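The structure appears below as structure tokens.
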Amino acid sequence: MTGEESASAQAQCQNCRASLMGPYCHHCGQPAAPVVRSFGALVVEFLQETISLDSRAMRTLVALLARPGFLTNAYLRGQRKRYVPPLRLFLFTSLVCIFAIWLLNITGERELVVGPGELTTENGELAPEQRRQILERISGVELEQLEPAERAELEARLARLENALEGGKAESSVAEAGNTEPSAPGIVSATYTEEGLSLALPGLSEEDTGKLEARLEKSVDKIRSDPNDFANDVLENIPQTTLLLVPLFALLMKLAYLFTGRYYVEHLIHALYGHAFLFLVVLLVIGLDFGNTRLSASASLSLQWLGHLLGLLEVLLLFWVPAHFLLSLRVVYGQSWRMTLWKGFCLGLCYLVLLLIGLVSLLLVSVLVT
């Protein structure tokens with residue numbers, strides 16, 4: 001290609017072949033950037049396409065956190081260029097929040113999960129081989145790969161478990177001795193003992209109950225062997241659960257403000273901004289709690305005070321959530337404080353019920369598909 005042909009190609013949009021008069025095509029809007037670019041430029045482009053990584057992104061986040069109801073009113077007034085759209089903001093904040101929780105889950109301290117009869121002691125002490133298996137389960141690696149300090153910390157945790165084991169056995173024996181009455185007919189019950197899982201589900205045949213018991217026992221064994229993997233499965237299903245809750249919450253607001261003359265989509269926009277605010281709060285709480293934990297354990301007095309300050313900000317942020325919700329209802333719908341408080345209480349209560357149902361369903365699905 002000659003220099004004149006190259007200059008001519010650069011003067012034309014590569015998408016629609018219209019003549020370029022600036023960094024963007026006036027006909028189709030495609031930027032006149034070269035196709036082959038650095039990896040950093042591609043990342044910036046992705047972020048710009050996702051959340052518009054410019055002044056309006058910061059403007060949107062500040063308004064979302066500090067100005068309840070403002071973004072909803074601005075969007076409905078037609079001021080959509082200055083702020084990130086509600087659906088895009090909701091998707092981005094939810095994905096970043098899930099990623100942050102997932103990162104904490106895989107980098108946090110592993111918890112020991114055991115089932116009935118899995119720990120056996122002789123004179124209050126675990127067998128050497130069992131001790132080794134438990135320590136490797138907690139650490140996730142073989143004992144030979146651990147530093148002496150790390151192994152000493154794990155030994156201390158296991159010693160506390162051994163001290164509490166005898167008391168747990170006694171309490172378990174008392175509970176089992178008192179639970180001798182058979183389950184009443186028509187009552188759903190589940191019992192997990194050393195022999196396995198036993199279900200009592202009215203209306204379910206014995207064959208189907210046995211299949212479900214086998215499926216749940218397999219899932220329970222996998223969860224006990226790797227709790228972090230189960231937590232990751234739960235996290236993977238949170239976005240779908242939240243996406244279902246948003247339109248349901250918008251429907252609740254439509255019913256609460258039935259005679260305001262607003263369309264359902266207006267309530268949906270407000271619900272999207274509200275859930276994006278919740279995800280943003282979760283991200284900030286995670287960051288503040290991380291900083292509080294690290295700084296409070298510091299030997300420096302000034303850093304300890306800074307950690308306590310972060311802890312105070314975390315508490316204030318949690319109190320800001322219900323206040324933000326009520327203020328947003330007041331700003332968007334413009335009703336009296338008496339009506340706003342009453343409707344806010346009813347909406348919050350109904351949402352907590354929906355959230356509880358969603359979380360229980362999420363756990364059940366995660367257990368069944370594990």
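Small disclaimer: the values here were computed from a predicted structure and weren't measured.
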So do Phe325 and Pro68 actually touch side chain to side chain, heavy atoms under 4.5 Å?
no
Selection residues 65-83 - residue pairs positive for salt bridge (charged side-chain N to carboxylate O under 4.0 Å, His left out), sequence neighbours left out:
none
In this structure, SG of Cys97 is separated from CD1 of Ile286 (nearest 0.5 Å) by 5.5 Å
Could you tell me whether the side chain of Glu266 reaches within less than 4.5 Å of the side chain of Leu76, counting heavy atoms only?
yes
I want to check something: taking the side chain as every heavy atom from C-beta on, are Leu347 and Leu329 in contact at a cut-off of under 4.5 Å?
yes
Atom of Leu268, atom of Pro247 and distance for their closest heavy-atom approach:
CD1-CA, 4.1 Å
In Å and rounded to the nearest 0.5 Å, what is the CG to CG distance from Leu283 to Leu278?
11.5 Å
So do Leu354 and Phe249 actually touch side chain to side chain, heavy atoms under 4.5 Å?
no
Show your working on side-chain contact (heavy atoms from CB on, under 4.5 Å) between Glu314 and Leu284 and close with a plain yes or no.
CA-CA 8 Å; Glu314 181 182 351; Leu284 292 175; over 6 Å; no
Do Leu309 and Leu318 share a hydrophobic cluster (ILVMFWY, side-chain heavy atoms under 4.5 Å, transitive)?
yes
Approximate separation, where rounding is to 0.5 Å, of Tyr273 OH and Thr93 OG1
11.0 Å
If I compare all heavy atoms of Lys254 with all of Arg262, which pair ends up nearest, and what's the gap?
NZ-O, 2.7 Å
In terms of heavy-atom contacts, Leu317 and Leu65 come closest through CD1-CD1, 4.2 Å
Check: Asn292 and Leu313 side chains under 4.5 Å, non-hydrogen atoms:
no
Go through the steps to decide whether Gln335 and Tyr257 satisfy the test side-chain contact (heavy atoms from CB on, under 4.5 Å), and finish with yes or no.
CA-CA 10 Å; Gln335 294 188 343; Tyr257 294 93; 3.4 Å; yes
Leu251 with Leu272, same ILVMFWY side-chain cluster at under 4.5 Å
yes
Quick one: pull up CG in Leu248 and CE in Met253 and give me the separation to the nearest 0.5 Å.
11.5 Å
Give the ring-plane orientation class for His270 versus Tyr333, where under 30° counts as parallel, over 60° as perpendicular and anything between as tilted.
perpendicular
How about CZ on Phe290, more than 12 heavy atoms from neighbouring residues, nucleotides or ligands closer than 6.0 Å, or not?
no
side-chain contact (heavy atoms from CB on, under 4.5 Å) assessment of Ile269 paired with Leu71:
CA-CA 9 Å; Ile269 290 170; Leu71 290 177; over 6 Å; no
To the nearest 0.5 Å, how far apart are NE2 in His275 and OG in Ser94?
10.5 Å
Any chain of hydrophobic side-chain contacts (each under 4.5 Å) joining Val331 to Leu64?
no
Give the intermediate values and the outcome of side-chain contact (heavy atoms from CB on, under 4.5 Å) for residues Thr72 and Ser328.
CA-CA 9 Å; Thr72 300; Ser328 68; over 6 Å; no
Common cluster, Tyr351/Leu244, ILVMFWY with side-chain heavy-atom separation under 4.5 Å:
yes
CG-OG distance between Leu306 and Ser296, expressed to the nearest 0.5 angstrom
9.0 Å
Indicate the atoms forming the closest heavy-atom contact of Tyr75 with Pro86, along with that distance.
CE1-CD, 3.5 Å
Val321 and Leu288: same hydrophobic cluster, using ILVMFWY side-chain contacts below 4.5 Å?
yes
Counting C-beta onward and ignoring hydrogens, is there a side-chain heavy-atom pair between Leu95 and Phe279 closer than 4.5 Å?
no
For Leu326 and Thr340, work out which heavy atoms get closest and say how close.
O-CG2, 3.5 Å
Search all heavy atoms of Cys350 against all heavy atoms of Leu252 and return the closest pair with its distance.
CB-CD1, 3.7 Å
Heavy-atom side-chain contact between Leu316 and Trp320 under 4.5 Å:
no
Tyr83 ring center within less than 6.0 Å of Phe70 ring center:
yes
Hey, can you tell me if His324 and Phe277 have their rings parallel, tilted or perpendicular (30° and 60° cut-offs)?
parallel
